[in-house]
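Because the structure is a prediction, the values reported are computed rather than measured.
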Amino acid sequence: MKEINVSGKVRTDLGKKASKMLRKEGLIPCNIYGEAKGENGLPQALSFVAPFSELRKVVYTPHVYVVNLNIDGVEHKAVMRELQFHPVTDALLHVDFYEITEEKPVVVGIPVKLNGLAQGVRDGGRINLSIRKINVKAPYKAIPETLDIDVTNLQLGKSIKVGQLQFEGLELVTPAEVIVCSVKATRASRSAAAAEAAGK
């Protein structure tokens, strides 16, 4: 996985009014969840702010990054867990991070990359990518930047499901029955099939 650096400052004023002021200054409220647990046994969050100018490189990209967070001089390795956007303006409002270690498995959505020209496409069909990411579980150092899927032998009208895939060192968390990609018939492929059937 690619890595990127983001700097932050611990946040003490957690009110809505304070959050609004911070956003006006170009800062985004964030939380990082790690090993620390609160009195109720739930993960305890460290609240901080980070510049939007640094976060935008992590948020508005198809890539998945390990984020090296420097919060008031203390280093944390993390992945993005959840994003909140304004329902009308689509502006970034809040980011949740999850702290990671080299040993502890983490669940991350990794982009799917289709390789090869499917047989069904050569026969006049059109390939359709149903999901752009598959959730995998593994220590972060074992997680690739993309999940490469060979579609060369995919026939017209056929699909590839998550349950048919295997990647070394990765546990696939997305349900097995989810369709990743398929080759759909087009008008041209149907005409060709009809002509072939008529000629027999």
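- In terms of the salt bridge (charged side-chain N to carboxylate O under 4.0 Å, His left out) criterion, residue partners of K141 (sequence neighbours excluded) are, by chain and number, E102.
- Contacts of A118 classified as side-chain contact (heavy atoms from CB on, under 4.5 Å), with partners at least two apart in sequence or in another chain: V121, I127, V151, L154, V183.
- L172 and M1 fall within a single hydrophobic cluster, where Ile, Leu, Val, Met, Phe, Trp and Tyr side chains are chained together by heavy-atom contacts under 4.5 Å.
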Listing, residues 45-60 side-chain donor-acceptor contacts under 3.5 Å, not counting sequence neighbours, or none:
residue, atom, partner, partner atom, Å
S47, OG, N31, OD1, 2.9
E54, OE1, S7, N, 2.7
E54, OE1, S7, OG, 3.2
E54, OE2, S7, OG, 3.0

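- Within 6.0 Å of the CD atom in Q166, the count of heavy atoms belonging to other residues, nucleotides or ligands does not exceed 12.
- When the side-chain contact (heavy atoms from CB on, under 4.5 Å) test is applied to N128, the partners found at least two apart in sequence or on another chain are S130, S182, K184.
- T174 is linked by a side chain to side chain donor-acceptor pair (under 3.5 Å) to nothing, counting only residues two or more places apart in sequence or in another chain.
- By the side-chain contact (heavy atoms from CB on, under 4.5 Å) test, K17 pairs with no residue at all, sequence neighbours left out.
- With sequence neighbours excluded, the residues forming a side-chain contact (heavy atoms from CB on, under 4.5 Å) with P144 are L147, L170, listed by chain and number.
- Rounding to the nearest 0.5 angstrom, the gap separating the NZ atom in K133 from the CD1 atom in I110 is 7.5 Å.
- Summarising the hydrophobic clusters (Ile, Leu, Val, Met, Phe, Trp, Tyr; side-chain heavy atoms under 4.5 Å, direct or chained), the residues clustered with V173 are V107.
- Although no hydrogens or angles enter the test, the distance criterion places a donor-acceptor pair under 3.5 Å between the side chain of R122 and the main chain of L117.
- In this structure a side-chain-to-backbone donor-acceptor pair under 3.5 Å is missing from T146 to D148.
- Partners of E177 according to the salt bridge (charged side-chain N to carboxylate O under 4.0 Å, His left out) rule, which considers only residues two or more places apart in sequence or in another chain, do not exist here.
- How far CE of M80 is from CG of D96: 11.0 Å, rounded to the nearest 0.5 Å.
- Summarising the geometry, atom CD1 belonging to I149 is positioned 8.5 Å from atom CG belonging to N115; distances are rounded to the nearest 0.5 Å.
- Applying the side-chain hydrogen bond (donor to acceptor under 3.5 Å, both in side chains) rule to pairs touching residues 151-163 yields D150-T152, sequence neighbours excluded.
- Within the structure, salt bridge (Lys or Arg N to Asp or Glu O under 4.0 Å) contacts touching residues 58-86 (residues at least two apart or in different chains) are E3-K77.
- The hydrophobic cluster of L93 has no other members, since no ILVMFWY side-chain heavy atom comes under 4.5 Å of it.
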